[in-house]
Amino acid sequence: MKPLLNQLFDDFVSLMFPRICFNCKKPLVYQEEILCIGCYSRMPETNYHLFKENPLYQKFAYESKVKFVSAFLFYNRKGVAQKLIHTMKYKNMPQIGRFLGSEYGRKLHRAGVTADIIIPVPIHAKKEALRGFNQSQIIAEGLSERLEIPIDSKSVIRKSFTTTQTRKSRVERWLNVEQIYQVKEPQNFEGKTVMVVDDVLTTGATIGTLVDELVNVGVKSISIVTIAAGK
């Protein structure tokens with residue numbers, strides 16, 4: 001009886017305040033969240049978590065402590081991943097990030113992916129104040145819930161404010177992120193397996209800088225998990 005009452009209540013709320021799919025804008029039905037089942041089934045999944053030697057892993061082949069690199073979706077222009085991430089970051093919809101993190105966390109759990117600590121890639125305090133949240137932190141929360149791995153979002157800070165990477169060349173991206181992170185509590189990571197979480201991975205410049213800092217403080221190994229893989 002209780003599940004039926006819950007469903008009736010959800011249906012009533014949806015009738016008064018319709019929930020819509022963030023991709024196709026059609027009304028969501030019972031038990032659909034963020035995306036309708038049609039759009040969810042068509043998401044461009046990479047399945048990189050099933051193959052160690054994937055194109056993203058190759059970006060970090062220079063660093064032996066990076067053991068795993070993966071992304072949930074392909075990031076295509078005007079595609080569903082771009083639409084969801086843009087809506088999350090610029091239209092104040094952090095629930096999208098938590099949903100995507102949770103969904104990918106479920107797949108990573110099935111694949112046996114784990115770590116001691118999750119580190120969301122920090123953004124500068126100025127940018128976080130303007131946006132209202134750090135998108136990597138929100139995604140990490142979804143992952144943490146599924147994987148049952150604690151988050152440390154205090155021990156690493158972004159010490160410099162950089163301009164957006166979106167329209168920069170590969171060389172410009174690497175130059176734009178030199179020495180932008182600081183590990184404040186290095187003892188928290190010594191000998192630990194850490195999972196670095198971000199929203200989009202393209203050249204690897206931003207995360208690569210953070211990886212260097214973590215290697216310098218003596219982590220055992222590093223996994224890199226993002227929601228989307230760009231070009």
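In this chain, numbering begins with 1 at the start of the sequence shown. Given the structure is predicted, the values throughout are model-derived calculations rather than measurements. No hydrogens, no waters, no symmetry mates; every other heavy atom, side chains included, goes into these values.
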Problem set entry | Taking every non-hydrogen atom, the tightest pair across Lys67 and Lys52 | O-CE, 3.5 Å
Exercise. Got Tyr181 and Val121 here, is their nearest side-chain heavy-atom distance under 4.5 Å?
Worked result: yes
Problem set entry | Full working for side-chain contact (heavy atoms from CB on, under 4.5 Å) between Met195 and Val113 | CA-CA 10 Å; Met195 178 182 290; Val113 178; 3.8 Å; yes
Exercise. Between CG of Asp116 and OG of Ser223, what distance do you get to the nearest 0.5 Å?
Worked result: 10.0 Å
For this session: Taking Gln182 for its side chain and Lys184 for its backbone only, find out whether a donor-acceptor pair lies under 3.5 Å.
Result: no
Problem set entry | Option among Leu201, Thr202, Ile227, Ile85 that satisfies the side-chain contact (heavy atoms from CB on, under 4.5 Å) test with Tyr75 | Ile85
Seminar exercise, completed: Looking only at heavy atoms, the pair that brings Thr193 and Ser221 closest together is CG2-OG, 3.2 Å
For this session: Kindly indicate, with the supporting measurements, whether the criterion side-chain contact (heavy atoms from CB on, under 4.5 Å) is fulfilled by Arg146 and Leu108.
Result: CA-CA 9 Å; Arg146 292 284 190 176; Leu108 295 176; over 6 Å; no
For this session: Group every Ile, Leu, Val, Met, Phe, Trp and Tyr by side-chain heavy-atom contacts under 4.5 Å, then state whether Phe68 and Leu73 land in the same group.
Result: yes
For this session: Compare every heavy atom of Gly97 with every heavy atom of Met88, then report the nearest pair and how far apart it is.
Result: SD-CA, 3.3 Å
Problem set entry | Test side-chain contact (heavy atoms from CB on, under 4.5 Å) applied to Phe99 and Ile96, step by step | CA-CA 5 Å; Phe99 166 78; Ile96 294 176; 5.6 Å; no
Exercise. Step by step, would you call Glu45 with Lys107 a salt bridge (Lys or Arg N to Asp or Glu O under 4.0 Å)?
Worked result: CA-CA 11 Å; Glu45 297 187 37; Lys107 295 175 183 291; 3.4 Å; yes
Exercise. To the nearest 0.5 Å, how far apart are CD in Glu33 and CD in Glu103?
Worked result: 7.5 Å
Exercise. So do Gln135 and Ile138 actually touch side chain to side chain, heavy atoms under 4.5 Å?
Worked result: no
Exercise. Under 4.5 Å between side-chain heavy atoms, hopping through other hydrophobics if needed: is there a path connecting Val200 to Phe22?
Worked result: yes
Exercise. What do the steps show when you test Gln58 against Glu53 for side-chain hydrogen bond (donor to acceptor under 3.5 Å, both in side chains), and what is the final call?
Worked result: CA-CA 7 Å; Gln58 295 303 322; Glu53 300 291 334; 2.8 Å; yes
Problem set entry | Cluster link Tyr62 to Val196, ILVMFWY, side chain under 4.5 Å | yes
For this session: Consider only side-chain heavy atoms of I, L, V, M, F, W and Y, link residues closer than 4.5 Å, and tell whether Ile222 and Val197 are in one cluster.
Result: no
Problem set entry | Residues, nucleotides or ligands: over 12 heavy atoms within 6.0 Å of Glu148 CD | no
Problem set entry | Minimum side-chain heavy-atom gap Leu84-Leu35 below 4.5 Å | yes
Problem set entry | Tyr104 and His49 aromatic ring geometry - parallel, tilted or perpendicular at 30°/60° bounds | perpendicular
Exercise. How close do Gln82 and Asn76 get, heavy atom to heavy atom, and via which atoms?
Worked result: CB-O, 3.6 Å
Exercise. Is any side-chain heavy atom of His124 less than 4.5 Å from a side-chain heavy atom of Ile180?
Worked result: no
Problem set entry | Atom pair OG (Ser153) and CD (Gln137), whose distance is rounded to the nearest 0.5 Å | 4.0 Å
Exercise. What are the two closest heavy atoms between Ser136 and Asp198, and how far apart are they?
Worked result: OG-OD1, 2.7 Å
Exercise. About how many Å separate CG of Asn134 and NZ of Lys89, when rounded to the nearest 0.5 Å?
Worked result: 9.5 Å
For this session: Please test Glu213 against Val156 for side-chain contact (heavy atoms from CB on, under 4.5 Å), starting from the C-alpha separation and ending with a verdict.
Result: CA-CA 9 Å; Glu213 296 298 326; Val156 180; over 6 Å; no
Exercise. In the single-linkage hydrophobic clustering (I, L, V, M, F, W, Y; side-chain heavy atoms under 4.5 Å), do Phe72 and Leu143 co-cluster?
Worked result: yes
Exercise. Is there a donor-acceptor pair closer than 3.5 Å between any side-chain N or O of Thr46 and the backbone N or O of Ala71?
Worked result: yes
Exercise. Hey, what do you get for CD (Glu63) to CG (Leu214), rounding to the nearest 0.5 Å?
Worked result: 10.0 Å
Problem set entry | Glu145 atom CD: more than 12 heavy-atom contacts under 6.0 Å | no
Exercise. When rounded to the nearest 0.5 angstrom, what distance separates CD in Gln95 from OG in Ser102?
Worked result: 13.5 Å
For this session: Scan Ile149, Asp152, Val225, Ile139 and name whichever one has a side-chain contact (heavy atoms from CB on, under 4.5 Å) with Ile118.
Result: Ile149
Exercise. Do the non-hydrogen side-chain atoms of Ser155 and Ile119 ever get within less than 4.5 Å of each other?
Worked result: no
Exercise. Less than 4.5 Å apart, any side-chain heavy atom of Tyr40 and any of Glu32?
Worked result: no
Exercise. Are any of the side-chain heavy atoms of Val69 and Lys59 separated by less than 4.5 Å?
Worked result: no
Exercise. Do Lys154 and Asn188 come within less than 4.5 Å of each other through their side chains, counting heavy atoms only?
Worked result: no
Problem set entry | Pairing residues for Lys192 by the salt bridge (charged side-chain N to carboxylate O under 4.0 Å, His left out) criterion, not counting sequence neighbours | none
Seminar exercise, completed: Nearest heavy-atom contact between Cys21 and Cys39 is SG-SG, 3.7 Å
Exercise. Hey, is the main chain of Ile37 close enough, under 3.5 Å, to the side chain of Arg42 for a donor-acceptor pair?
Worked result: no
